[in-house]
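In what follows, a structure is listed as structure tokens, so that the remarks can point back to it.
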Amino acid sequence: MKIFHTADWHLGKLVQGVYMTDDQRYVLNQFIQAIDEEKPDVVIIAGDLYDRALPPVEAVDLLNEVLEEIVLKRKVPVLSIAGNHDSPTRLEFGSRLMKESGLYIVGEVDYQLEPIILQDEFGEVHFHLIPFAEPSTVRNVFQCESIHTYDDAMKAIIEKIEEKMDRTKRHVLVGHAFVTPSGEQRENTSDSERPLAIGGSECVNAHYFQSFHYTALGHLHKAHYVLNETIRYAGSPLKYSASEANHQKGFLIVYLDEKGQVSVEKRNFTPRRDLRIIEGSIQEILKHDYCEDYVFVRLTDLTPVVGVMEQIRTVYPNAMHVERKTIHKTESGEERINIRREQLDELTLFKAFHQEIVGTEPTEEALQLFTEVLEELLSEERETKEAVVVK
């Protein structure tokens with residue numbers, strides 16, 4: 001079976017005040033062209049189809065156009081799940097009707113966890129679609145009070161699937177989570193990835209996916225594998241922040257043979273405009289050739305520059321952001337670039353605030369209290385957005 005694995009489209013994405021819809025359409029047309037060339041048996045979209053729970057009309061129209069091209073015109077089944085940016089209710093609307101056409105969308109975790117079964121010349125392939133869900137949601141669905149973290153939730157879901165898994169068949173899991181080799185805390189691969197939790201409690205142990213012949217993941221924006229080459233992130237189709245400037249964006253072609261052995265090939269997209277970082281003095285930058293790429297500029301000038309963005313846009317009309325590159329030396333003599341406040345996570349900001357105001361590091365009790373309060377606020381924020389969509 002030939003599978004196209006993609007994720008994190010984030011339709012309706014706004015980057016530094018610029019809607020990326022035209023850029024998204026540009027690469028998704030390449031995706032459709034690749035479907036014409038490669039003729040996959042199925043397409044997987046592993047969550048975050050939209051960038052927010054209530055996306056703009058243009059984003060909804062684009063998704064409708066793309067799915068119509070793939071499912072209705074080319075008769076290729078699409079399996080998709082909700083990510084943490086999506087509205088589960090909004091995505092699942094009409095899903096029972098759409099199954100008849102070959103579009104399978106799962107927005108909310110269901111206790112039954114019935115797989116989608118597709119056929120190739122070698123028999124059945126069972127696809128297990130696990131949408132993003134808060135631990136509290138999974139705790140309620142499974143009626144299990146011991147579920148408190150994302151790791152707990154995924155472990156319970158996998159154990160439920162394994163209880164009735166037919167080991168004679170081939171199995172593919174589709175999920176949206178922050179998976180690390182042993183569930184340890186890791187840095188996000190992009191500034192544009194919204195934290196699921198704080199303090200590392202969002203991470204999920206990759207060992208849980210050993211029963212599956214392939215695990216198609218979404219959430220992290222850099223294409224890579226975790227633990228072994230059968231547990232993979234496809235990454236986002238476009239660069240959505242300066243931290244992704246060095247990423248190679250595309251999608252994965254997964255070949256699943258009759259024994260469940262997997263081989264993977266990555267196909268890169270050619271963006272309408274690249275997104276990159278340029279660095280130098282204003283005089284050096286103004287000597288560059290005219291270019292319509294999206295650029296984030298780091299100025300090395302030691303003195304203030306008047307009308308800096310206006311000057312830069314004479315060469316880079318789509319410049320997105322300008323900042324001054326400042327370097328300081330540590331006690332060991334190491335040079336480091338200062339980090340902007342907006343690049344720091346909430347826990348780091350709280351520690352810095354506490355140090356500045358109180359003069360000491362916060363205690364473990366204070367950190368625990370702050371974490372609990374912030375988790376409640378994040379959960380309430382998601383619930384509020386979902387309620388708005390439902391209304």
Side-chain angles (χ1 to χ4, degrees), residues 6-15 19-21 24-25 28 31 43-72 77-114 116 127-138 140-141 150 153 157 174-178 192-197 202 216-219 221 234 236-238 240 377-391:
T6 180
D8 297 283
W9 289 5
H10 289 275
L11 301 182
K13 182 71 175 180
L14 192 66
V15 180
Y19 275 108
M20 305 299 289
T21 307
Q24 291 165 332
R25 178 178 282 107
L28 289 176
F31 189 66
V43 170
I44 289 173
I45 311 173
D48 281 351
L49 284 80
Y50 295 121
D51 190 57
R52 53 185 183 271
L54 193 59
V57 173
E58 294 80 5
V60 178
D61 289 342
L62 178 55
L63 182 61
N64 286 342
E65 291 169 17
V66 173
L67 293 179
E68 179 183 0
E69 290 290 335
I70 299 173
V71 178
L72 297 183
V78 171
L79 309 180
S80 184
I81 59 172
N84 58 299
H85 284 250
D86 297 312
S87 161
T89 304
R90 188 180 185 85
L91 277 187
E92 254 195 13
F93 177 79
S95 59
R96 293 181 183 176
L97 297 175
M98 291 185 287
K99 285 180 181 179
E100 299 299 322
S101 301
L103 177 58
Y104 303 85
I105 298 182
V106 176
E108 298 178 302
V109 174
D110 184 276
Y111 182 73
Q112 298 304 319
L113 296 172
E114 294 294 336
I116 306 299
F127 291 85
H128 305 269
L129 275 55
I130 311 302
F132 170 80
E134 301 277 358
S136 58
T137 300
V138 180
N140 291 333
V141 170
Y150 287 93
I157 290 170
V174 183
H176 193 92
F178 193 156
S192 61
E193 293 158 2
R194 182 184 299 167
L196 306 178
E202 62 184 341
L217 295 171
H219 179 58
H221 287 191
S236 58
L238 281 174
Y240 291 131
L377 290 173
L378 290 172
S379 180
E380 289 174 4
E381 179 185 8
R382 294 188 185 107
E383 291 174 0
T384 300
K385 289 180 180 178
E386 182 65 21
V388 170
V389 173
V390 172
K391 289 180 181 178

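Reckoned from all heavy atoms, side chains included, excluding hydrogens, waters and symmetry mates.
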Next on the checklist: I'd like to know whether Tyr150 forms a side chain to side chain contact (heavy atoms under 4.5 Å, CB included) with Val138, so could you lay out the CA-CA distance, the side-chain angles of the two residues, the decisive distance to 0.1 Å, and finally the verdict.
Outcome noted: CA-CA 9 Å; Tyr150 287 93; Val138 180; over 6 Å; no
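- Residues Asp51 and Tyr240 have side chains not in contact (no heavy-atom distance under 4.5 Å, counting atoms from C-beta outward).
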Item to check | Evaluation steps, side chain to side chain contact (heavy atoms under 4.5 Å, CB included), between Leu113 and Ile130 | outcome: CA-CA 8 Å; Leu113 296 172; Ile130 311 302; 4.0 Å; yes
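- In terms of modelled atom types and a separation under 3.5 Å, the side chain of Glu202 and the main chain of Phe178 share no donor-acceptor contact.
- To the nearest 0.5 Å, atoms CG (Asn64) and CG (Leu11) are separated by 10.0 Å.
- Using a 4.5 Å heavy-atom cutoff, the side chains of Glu65 and Leu62 are in contact.
- Contact of the Leu238 side chain with the Val15 side chain is not registered, since no non-hydrogen atoms from C-beta on lie closer than 4.5 Å.
- For the residue pair Ala53 and Ser87, the shortest heavy atom distance occurs at O-CB, 3.6 Å.
- Judged by distance alone, the side chain of Asp86 and the main-chain N or O of Asp48 form a donor-acceptor pair under 3.5 Å.
- Residues Lys13 and Ser192 come closest through the heavy atom pair NZ-CB, 3.9 Å.
- At least one side-chain heavy atom of Arg90 sits less than 4.5 Å from a side-chain heavy atom of Leu54.
- Under the side-chain contact (heavy atoms from CB on, under 4.5 Å) rule, Val106 has a single partner from Leu129, Leu91, Ile116, which is Leu129.
- In this structure, NE2 in His219 is found 7.0 Å from NE2 in His85, a value given to the nearest 0.5 Å.
- Residues Gly107 and Pro131 share a closest heavy-atom pair of O-CB, 3.6 Å.
- Across all their heavy atoms, Gly83 and Phe132 have their closest contact at C-CB, 3.7 Å.
- With no hydrogens or angles considered, a side-chain donor-acceptor pair links His176 and Asn84 at under 3.5 Å.
- Looking only at atom types and distance, the side chain of His10 has no donor-acceptor partner in the side chain of Ser236 under 3.5 Å away.
- The two residues Val60 and Tyr50 have their closest heavy-atom pair at CA-OH, 3.5 Å.
- Taking all atoms of both residues into account, the shortest heavy-atom contact from Val71 to Gly102 is CG1-C, 3.9 Å.
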